[in-house]
2 protein chains.
Amino acid sequence: MFMEPSSPSDMRSHILNEAARLFVIRGYDGISMREIAASCHISKPGLYYYFVDKEDLFLAILESSLEELTALISEATSQPGGTPQKLGFLIHAIFTRLPMERRALIRLAAQEMNKLSPQKRESFSSRYHATFIDGIADILRSGIQKKELRSVDPEMATWAFLGMMYPFFSATGSPRFDETAVVHFLLDTFLNGLSPQTGEQRE
Amino acid sequence: MFMEPSSPSDMRSHILNEAARLFVIRGYDGISMREIAASCHISKPGLYYYFVDKEDLFLAILESSLEELTALISEATSQPGGTPQKLGFLIHAIFTRLPMERRALIRLAAQEMNKLSPQKRESFSSRYHATFIDGIADILRSGIQKKELRSVDPEMATWAFLGMMYPFFSATGSPRFDETAVVHFLLDTFLNGLSPQTGEQRE
DNA sequence: GGCTATTTACCGACCGGTCGGTCAGTACTA
DNA sequence: TAGTACTGACCGACCGGTCGGTAAATAGCC
């Protein structure tokens with residue numbers, strides 16, 4: 001009775017999945033609660049039984065994505081080996097452990113966060129930065145400290161790192177590339193660049 | 001009498017500017033024609049005097065941004081020097097010749113193109129790819145041919161190149177960095193990567 | 001120059017439709 | 001019989017877009 005839902009009424013998670021899929025395709029303003037309801041084979045008030053409003057539903061999706069990412073980053077951070085290995089692990093994990101839909105969610109969070117009401121946005125975005133952005137920046141920072149990375153602004157590098165990946169997170173748009181090739185290309189480019197190598201390089 | 005309007009009724013371009021600013025901040029679905037009208041100190045029907053519908057106004061903004069970009073790319077392509085110089089010119093031109101609002105438009109086009117109706121989207125996106133994406137891919141391709149760049153998939157590299165820049169195109173969100181530093185960082189990272197250099201490197 | 005006809009550049013009021021959200025039920029369990 | 005998991009009907013606000021109208025400038029004619 002006072003235990004929290006241990007089996008979270010699979011309808012709730014079904015809604016979460018379906019709504020995430022739709023938000024990714026059309027954006028926050030692009031789909032209506034009616035469409036989400038129809039896509040879940042439920043009535044619109046049925047949606048409001050599980051979520052207090054549209055924002056609440058959207059936020060629940062963003063939160064779960066952030067949680068997932070945070071777990072991946074902390075796993076990458078505690079990975080044995082040097083910074084290149086940690087970064088390689090992270091890219092590899094994102095592309096192989098997350099289905100495309102969830103990868104697209106990473107982009108969605110970054111792009112549509114501002115659709116939230118001011119207080120919720122502030123709250124989410126500060127957690128988003130503290131765990132996700134700073135988590136990656138910390139890996140980069142420690143790499144710089146250990147001379148495994150050149151001395152650059154870690155936060156700037158984090159945005160570039162993320163930005164490089166985003167085009168390959170698209171549910172629709174952008175072209176389809178072989179994912180193993182993308183994983184390798186991203187890490188290689190981020191670490192070694194596109195200029196021909198003059199000396200021996202590490203990866 | 002039969003000359004076309006040489007001074008394009010500065011109201012039209014005022015609307016274009018104002019609407020672009022608003023679309024960038026809130027997205028295509030995020031602002032209404034009423035808000036655009038109010039922001040231009042004009043009535044809603046006044047808007048429809050200049051543009052047939054919302055999509056037409058939006059498309060006019062995207063087209064002008066694409067035109068601007070295309071000009072920059074062709075200028076970069078015909079730049080003297082090697083591929084690194086062409087790429088350097090392009091990044092530099094984007095960051096110094098385009099005010100932030102117009103840079104944000106580049107991102108807007110990529111992100112919100114899909115809000116267009118199917119035929120318009122198809123038409124715009126094919127021109128977008130043919131001139132903008134392929135334009136950059138061609139620079140990369142010729143660089144690879146001339147051994148000035150490592151042998152990678154030029155289209156994949158184009159998306160990564162663009163993706164790296166996008167986080168720094170934000171009108172609001174994302175942090176503010178020193179633009180000269182960003183320009184240098186982006187080119188340097190794209191060409192040389194973040195691993196410490198072992199041999200001498202070219203830029 | 002004076003007079004009319006037409007065009008330009010808008011505006012207030014309003015349309016049908018959709019939005020997010022609510023409320024009063026109700027079928028089904030425990 | 002008390003709660004859980006919903007539903008159909010509905011609300012006010014707002015959406016993109018259109019209607020009929022109009023003041024001011026411009027063009028054509030004498």
Side-chain angles (χ1 to χ4, degrees), chain A residues 1-20 22-23 25-62 112-121, chain B residues 1-20 22-23 25-62 112-121:
Chain A
M1 186 231 195
F2 50 81
M3 71 174 194
E4 38 181 0
S6 56
S7 87
S9 80
D10 55 358
M11 181 51 100
R12 193 187 143 96
S13 54
H14 177 59
I15 294 171
L16 249 9
N17 285 337
E18 208 55 27
L22 294 167
F23 278 134
I25 298 171
R26 313 249 303 268
Y28 182 74
D29 293 320
I31 43 111
S32 64
M33 291 301 263
R34 277 166 184 81
E35 288 175 280
I36 295 171
S39 181
C40 296
H41 310 293
I42 201 183
S43 69
K44 191 157 61 90
L47 244 40
Y48 285 86
Y49 176 76
Y50 293 101
F51 301 95
V52 324
D53 56 21
K54 191 184 184 182
E55 191 175 37
D56 180 52
L57 166 57
F58 188 59
L59 206 53
I61 292 167
L62 298 192
E112 305 268 81
M113 202 191 294
N114 61 125
K115 296 290 171 64
L116 264 20
S117 68
Q119 7 19 326
K120 304 263 185 149
R121 177 179 57 222
Chain B
M1 184 236 195
F2 49 81
M3 72 174 191
E4 42 181 356
S6 55
S7 86
S9 84
D10 55 359
M11 181 51 101
R12 193 187 143 96
S13 54
H14 176 60
I15 294 171
L16 249 9
N17 285 338
E18 208 56 25
L22 294 168
F23 278 134
I25 296 171
R26 315 249 301 269
Y28 182 74
D29 293 320
I31 44 110
S32 66
M33 290 301 264
R34 276 165 185 81
E35 288 175 280
I36 296 172
S39 182
C40 296
H41 309 292
I42 200 183
S43 69
K44 190 156 62 92
L47 243 41
Y48 285 87
Y49 175 77
Y50 292 101
F51 301 96
V52 322
D53 56 21
K54 192 183 185 183
E55 191 175 35
D56 181 52
L57 166 57
F58 188 59
L59 207 51
I61 292 167
L62 297 193
E112 306 267 81
M113 202 190 295
N114 61 124
K115 295 289 172 66
L116 263 21
S117 67
Q119 15 8 331
K120 304 263 185 150
R121 177 180 55 223

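Just so we're on the same page: letters track the sequence lines, and every chain starts at 1.
Taking atom CE of residue A:Met11 and atom C1' of nucleotide D:dT4, one finds them 13 Å apart after rounding to whole Å. The distance from atom CZ of B:Arg12 to atom C1' of C:dT8 is 15 Å, rounded to the nearest whole Å. When rounded to the nearest whole Å, the span between CG of A:Asp10 and C1' of D:dC6 equals 14 Å. Going from atom NE2 of B:His14 over to atom P of C:dA9 covers 15 Å, rounded to whole Å.
Scanning both residues, A:Lys115 and A:Asp29, for their nearest heavy atoms gives NZ-OD2, 3.1 Å. Among all heavy-atom pairs drawn from B:Cys40 and B:Glu18, the shortest one is SG-CB, 3.6 Å. Summarising the geometry of A:Leu16 relative to A:Leu57, their closest heavy-atom pair is CD1-CD1, 3.8 Å, with the distance given to 0.1 Å.
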- Task: Produce a footprint string for nucleotides 8-19 of chain D: one letter per nucleotide, 5' end first; B if the base is under 4.0 Å from any protein heavy atom, S if only the sugar-phosphate is, - if neither.
- Result: BB-----BBBBB
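A close approach under 4.0 Å does not occur between any side-chain nitrogen or oxygen of A:Tyr49 and OP1 or OP2 of D:dC6.
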Anything under 3.5 Å between a protein N or O and an N or O of nucleotides 25-30 of chain C, put it in a table, one pair a line.
none

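No side-chain heavy atom of A:Tyr48 sits under 4.5 Å from any side-chain heavy atom of A:Asp56. For the pair B:Tyr49 and B:Met11, the minimum side-chain heavy-atom distance is 4.5 Å or more. Between A:Phe23 and A:Ile36, some side-chain heavy-atom pair lies under the 4.5 Å cut-off. Residues A:Asn114 and A:Arg121 meet the side-chain proximity criterion, which asks for heavy atoms closer than 4.5 Å.
Judged purely by atom type and a 3.5 angstrom limit, A:Glu112 uses its side chain to pair as donor or acceptor with the backbone of A:Tyr28.
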